[in-house]
Amino acid sequence: MLDIQKIREDPAGVAARLRRRDPTISLDRVLELDSQRRELIRAVESRRHELNRGSEEVAKLQREGKKEEAQGLIARLRELSGEIKALERELSEVEDRLRHELLSLPNIPHDSVPEAEEKIVLREWGTKPEFDFQPKNHVELGKTLGILDFERAAVITGARFPLYVGQGARLEFALLLWMFEFHVHEHGYIPVLPPILANRKSFEVSGQLPKFAEELYHCPADDLFLNPTAESLLANLHRDEILAEEDLPLRYVAYTPCFRREAGTWGEAQRGLIRMHQFNKVELFHYTTPERSYEDLEELVRHAEAILQRLGLHYRVTLLPADDLAHQSAKTIDLEVWLPAQGRYYEVSSCSNCEDFQARRGNIRFRPAEGGKPRFVHTLNGSGLATSRLFAAILEQNQRPDGTVVLPEVLAERLGIQVLR
RNA sequence: GGAGGGAUGGCCGAGCGGUCGAAGGCGACGGCUUGCUAAGCCGUAGCUGGGCCUCAAAAGCUCAGCCGCGGGUUCGAAUCCCGCUCCCUCCGCCA
C-alpha cells in the first residue's frame, strides 16, 4: 500500500512513477475519495465536539436539579446525534472505498528498474552443458526412471499435480531439506515451518488480495486460502509489531508446499514439472531497514545463487523491467536455470524488495536505535529455491545417453547413491 | 463439537452509565537529595487521524477517536445489549 500523504503531496510525481509499470494507472479516484474523506471528518468532528460539550452540560444541569432545561437540551442533542450517525455511515463508506482503491494500487518501481521489452540479463553462471546426443526432457527421464508419475497424480487429483515415487520422492525430500539447512547453517537464517492455510487479512498484507483472488485456492467454509508462496505467510510473521532496530535484519527461511490455480495459463505448452498447481519451495524472507534494503536484496540474490552453484547447475540472473513487476514489488531479480531439453531458461527464484509496501499494510515497524517514532520496515522475499523446476533441471542437465542421471555431490551424499538409474 | 472463564496503557491491576486528561502499583526517562550503593522525593511520558500555523517539514496550538474487534441502545458507553476473534480450564472426538 502506498502512503496516502505522499500521494496527496505529489500526485503527479507518484502517478508518473506508477505509469512506468502500468500506463493506465490513475490516481484521480484516490484523490477524490481522500478529499471527500477529509471533508466528512471535519463535518463529523465539529458536530461531535458540540455533542460532547452538550452532554457535559446535561450532566451539570441534572446535578443542579434543573430538570426541564436538561430535557430541552437532550431533545436538541438527540437530533445532533442522529446527524453524526448519518455522517459517520457516509464516512466509513468513503473510507472503505478509499482503502480498496489504495490496496489495488501497485508498488512504485525503484529508480534502478528499467523500462524495457524484455528482462535484462545481468550475468550468467557456469556454461550450458553440451550433449553429443539429443537430451531428453525431465518428463521422459522421470517416467523411465520410475520417479515421476503424472498419470496417477491425475487420477488422485487432476492435471498438473506432482507425484514423486521411489528415489524421486527421496530426491525431492533431500533437496528441500538440504536447501533449508544450507540457509540456516551457511547464511544464518531462522528456520520456520509455517501454517499452509492462511486467512484473508494475511493475503491483503502480502499483496495477493484483493486483486489476485483468482490465483488462490480458497476454502469457503472457513474463509481460508491455501498458501501460494511462503512469502505471504512470512510477511505476516510480525504483523502489528514494533521490532527493535538492533534485531534487524531478521532473516527467515521456510519450507512450504505452494498451491496456485494458474488460471488462464492452460494454453501454454508447459509439460511436466514446469508449471504446477502444487510445488515445493524453500523461501527466504528479510525484515530490514530502509537504509540497507537494497544491499540486502543483493545479498538475498547471492544466498539463492549459492544453492545453484553448489548443485553445479548452469543459470542466469535477470532484472525485471517495470511492467513485469509483481504488484507488491519495487524491484525484482530473477534466477533462471537452464533446461536443455526445452532449450530455454526457467525461473527458479524471484527475489524482490517490497520496500514498505507490505509493512504499511501489515503495520510492521521498528523502533530506531537512536529513539524516536517507529518507522515501517522494508520486506524482501526470494525463493531459495523452488523445486519441481529445480528437480527438472537436475535431471535434464545431468542426464547421460542411456537415460541415467548423475546426482550432484551434495545430493548423492545425502541419498547414498551416485546415479539415478 | 459442547460447557464455563477471560481480554483495560510497556507490565500488573481497579473501574461496571456522566468529577472531564482511566485510580493505584511496577517498570522507563529527566531532575533533586545522597561518601558509594540501595532507598527516598519531585516531575515527564502512548497511538491514530483531522484542522490551524508554516514556502515546506519539525515543533507548537487545537479537535476527534482509541479500554480485543465490529455493530446497537443512550443526550452521554471501558461500563448495558448483540455478533465475532483470540487466550485459558474442563468434556467429547482425533493424527
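Chain letters run A, B, ... following the sequence lines, proteins first and then strands; every chain starts at 1. Worth knowing before you read on, the calculation uses all heavy atoms, side chains too, and leaves out hydrogens, waters and symmetry mates.
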Under 4.0 Å, counting only non-hydrogen atoms across every strand here, what does [X] touch: a base, just sugar-phosphate, or nothing?
{"X": "A:Leu80", "result": "nothing"}
{"X": "A:Glu9", "result": "nothing"}
{"X": "A:Lys85", "result": "base"}
{"X": "A:Arg76", "result": "nothing"}
{"X": "A:Leu73", "result": "nothing"}
{"X": "A:Arg365", "result": "sugar-phosphate"}
{"X": "A:Arg360", "result": "nothing"}

Between [M] and [N], how far apart are the [atom1] atoms? Round to whole Å, please.
{"N": "B:G17", "M": "B:G43", "atom1": "P", "value": "32 Å"}
{"N": "B:C26", "M": "B:G13", "atom1": "P", "value": "15 Å"}
{"N": "B:A77", "M": "B:G18", "atom1": "P", "value": "11 Å"}
{"N": "B:G70", "M": "B:C61", "atom1": "P", "value": "30 Å"}

Carboxylate-amine/guanidinium proximity below 4.0 Å for A:Glu204 and A:Arg99: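 Between A:Arg99 and A:Glu204 there is a salt bridge, with a charged N closer than 4.0 Å to a carboxylate O.
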A:Glu336 and A:Lys119 ion-paired at < 4.0 Å: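 Looking at A:Lys119 together with A:Glu336, the answer is yes, because their closest N to O distance falls below 4.0 Å.
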Check: A:Glu45 side chain, B:G51 base, donor-acceptor under 3.5 Å: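 No.
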Mutual orientation of the aromatic rings belonging to A:His238 and A:Tyr252 [parallel < 30°, tilted 30-60°, perpendicular > 60°]: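 Geometry flag for A:Tyr252 against A:His238: tilted rings.
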For the student: nearest non-hydrogen atoms of A:Ala235 and A:Gln358, plus distance: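 Minimum heavy-atom separation between A:Ala235 and A:Gln358: CB-OE1, 4.0 Å.
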Given B:G76, B:G18, B:G72, the nucleotide with the shortest approach to the side chain of A:Leu51: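 Taking heavy atoms from C-beta onward, the closest nucleotide is B:G76.
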